[in-house]
Protein chains: 2
Amino acid sequence: MSQAPIFQRIKDYIIAQIESGAWAEGTLIPTEMALTKTFSTSRMTVNRALRELTAELVLVRRQGAGTYVAPQKVQSTLVEIKNIADEIAARGHRHHAQLHALERIPACEMLAQQFKLKVGQHLFHSIMVHFENAVPIQVEERWVNPSIAPDYMTQDFNHVTPNEYLMNVAPLQGMDYRLEAVLPTQNIASMLHIEPSQPCLVLHRTTRSANQIATCVTMWHAGNRYQFVGGKEQSAQSS
Amino acid sequence: MSQAPIFQRIKDYIIAQIESGAWAEGTLIPTEMALTKTFSTSRMTVNRALRELTAELVLVRRQGAGTYVAPQKVQSTLVEIKNIADEIAARGHRHHAQLHALERIPACEMLAQQFKLKVGQHLFHSIMVHFENAVPIQVEERWVNPSIAPDYMTQDFNHVTPNEYLMNVAPLQGMDYRLEAVLPTQNIASMLHIEPSQPCLVLHRTTRSANQIATCVTMWHAGNRYQFVGGKEQSAQSS
DNA sequence: TAGTGGTCTAGACCACAGC
DNA sequence: CTGTGGTCTAGACCACTAT
């Protein structure tokens, strides 16, 4: 592949050294100047290759010291959980939602703590059921911080999901989540049209915006008709 | 912040334009030459800023055409599932494992299909239970392709988890996974010391190495004592 | 003090898109 | 054809690390 850009050939070479085991993790690799001579190129080109591999967590660089092979990544599986409406649309199926509750409620102690507000301050609360081709697959119970989305109560959630609406009005700053398997309450079971003995896959997610807690959401999925699926390619090189 | 590098100031400027709404998604942004003049810098510096923002999926570039604000990211939650032993160690707890089975078996039709092998070809099969402070939290049932890890049967899995061992001998190429909530079998329930009516969080994962299916694994977690948790910071800028 | 990486310049040639 | 981005050069100055 003599037609590949030089910076890419340098990256490929370094990755090959690491994958062959020749350069173990922590190994001090050749300096920019040395690679400049090996590849008969300029320092800027070598620098780009090394900088990109550093961004990809393949290398670690220390100014004044040198460039090292990064410590081994921990083995982990990244599960990507997408917006329910998009996901259904991507499968070529029809999505619709049913609003079961939309209200303004005072925060109980637990909610107040979650939102870092005082007990009794008001929150918006909504319960929706999402359908895929008329089959209920998700119950979404959500609490919203009014100072982040003051117009939450006046939205038409048949056309825009709470998710989409909040993404637009409140730029996402960060999130925490928790994923568990539990038995549904009587209420949840009836909304999902399942038996109370049927396990549910439950995702709790809290999102932050403007340095506040924007929204807490609990998503219940019937275990027998919903799974989180996905895949991932492991490629050290990109560009 | 006049001490920040120029390329970073350019990145910050572009991100600010996007976040303020001045540049909506799909907007054609100024050319490299234009930014060169705006920031009184060289084209290489502007190029670096734009190239990095492209790698970060903030921008999209089309040679000959121009640079555009990338289409909005889909809202998604990334759940990271780590190696069980590391996770327990990170909590400061003690991990140990119990080997329930380790054998060489001929592939049934279903396994043969999964591994893209012929029915009757042999696979390694293992069942382990992982304990956190003497409490069973995961049952790991695994099938391994012998051509990827011929020495699988002779490992001491009390000291190195199957996960770790396979990561070392078979560089990860990619994976597919499926996450579901189900009721345990009688067997699984007894290994996890739970009631058969207690839901389990089950992760199925298939990994590829050397263009083959390396291993299929099913991990059962007691729903009442195990959850996948995590968080994520949303930051468009990096370097 | 010598060597490393971090950043930057002012040019250059090329492939590709749109007119 | 002109203008865009993609890549590259051969220097440069600086901050930092190790000896």
Side-chain angles (χ1 to χ4, degrees), chain A residues 1-15 17-18 23-71 235-239, chain B residues 1-15 17-18 23 25-71 235 237-239:
Chain A
M1 304 305 170
S2 183
Q3 65 248 43
I6 302 175
F7 79 90
Q8 187 62 57
R9 293 206 297 264
I10 299 174
K11 291 176 69 176
D12 291 343
Y13 165 75
I14 292 169
I15 288 169
Q17 295 300 308
I18 295 172
W23 294 350
E25 59 180 287
T27 301
L28 179 64
I29 79 167
T31 65
E32 291 191 348
M33 278 310 295
L35 288 169
T36 286
K37 285 163 193 154
T38 303
F39 286 87
S40 306
T41 185
S42 70
R43 201 186 139 210
M44 272 299 276
T45 303
V46 171
N47 179 271
R48 173 169 173 184
L50 298 183
R51 184 156 35 78
E52 290 188 2
L53 286 176
T54 302
E56 293 162 22
L57 304 181
V58 174
L59 300 176
V60 174
R61 314 197 74 184
R62 276 169 46 218
Q63 195 175 47
T67 303
Y68 303 82
V69 176
S235 65
Q237 62 235 18
S238 72
S239 73
Chain B
M1 301 304 173
S2 183
Q3 67 247 43
I6 302 174
F7 79 90
Q8 187 62 57
R9 293 207 296 265
I10 298 173
K11 290 176 70 176
D12 291 343
Y13 164 75
I14 291 170
I15 289 169
Q17 295 301 308
I18 295 172
W23 294 350
E25 59 179 289
T27 302
L28 179 64
I29 78 166
T31 65
E32 292 191 349
M33 280 309 297
L35 289 168
T36 287
K37 283 164 193 154
T38 305
F39 287 89
S40 306
T41 186
S42 70
R43 198 183 142 211
M44 273 300 275
T45 302
V46 172
N47 180 271
R48 173 171 174 182
L50 298 184
R51 185 156 35 79
E52 290 188 2
L53 286 176
T54 302
E56 294 161 22
L57 304 181
V58 174
L59 300 176
V60 173
R61 314 197 73 185
R62 276 169 43 218
Q63 196 176 47
T67 303
Y68 303 83
V69 175
S235 64
Q237 61 233 21
S238 73
S239 72

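Lettering follows sequence order; numbering is per chain, from 1.
As a whole-Å value, the separation of B:Q63 CD from D:dG5 P is 10 Å. In this structure, the CZ atom of A:R61 is 14 Å from the C1' atom of D:dA15, given to the nearest Å. Whole-Å rounding puts the A:R48 CZ to D:dA10 P distance at 18 Å. Rounded to whole Å, atom P of D:dT4 lies 11 Å from atom OH of B:Y68. One atom, CG of B:N47, and another, P of C:dA15, lie 18 Å apart when rounded to the nearest Å. Look at CE on A:M33: it is 14 Å from C1' on C:dA2, rounded to the nearest Å. Atom pair A:L35:CG and C:dG5:C1' shows a separation of 13 Å (rounding to whole Å applied). Nucleotide C:dT7 holds its C1' atom 16 Å from the CZ atom of B:F39, rounded to whole Å.
Contact annotation for A:I6: backbone-only contact, meaning every heavy-atom pair under 4.0 Å involves sugar-phosphate atoms and none involves a base.
An OP1 or OP2 oxygen of C:dT9 is reached within less than 4.0 angstrom by a side-chain nitrogen or oxygen of B:T45. A close approach under 4.0 Å does occur between a side-chain nitrogen or oxygen of B:T67 and OP1 or OP2 of D:dG5.
Of all nucleotides listed (D:dT7, D:dC8, D:dT17), D:dT7 comes nearest to the side chain of B:R51. Closest approach to the B:E32 side chain among D:dA18, D:dG5, D:dT9 is made by D:dG5 (side chain taken as heavy atoms from C-beta onward). In the set C:dT9, C:dG5, D:dG5, C:dT9 carries the atom at the smallest distance from any side-chain atom of A:M44. Among the nucleotides D:dT7, C:dA17, D:dC8, the one closest to the side chain of B:A65 is C:dA17. You'll find that the side chain of A:R62 is closest to D:dA18, out of D:dA18, C:dT7, D:dC8. In the set C:dT7, D:dT9, C:dT4, the nucleotide with an atom closest to the side chain of B:P5 is C:dT7.
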Stepwise side-chain hydrogen bond (donor to acceptor under 3.5 Å, both in side chains) test for B:R43 and B:N47:
CA-CA 6 Å; B:R43 198 183 142 211; B:N47 180 271; over 6 Å; no
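Both B:I29 and A:T41 sit near DNA chain D, but only B:I29 has its closest nucleotide nearer the 5' end.
Under 3.5 Å, the side chain of B:R43 and the base of D:dG6 form at least one donor-acceptor pair of N or O atoms.
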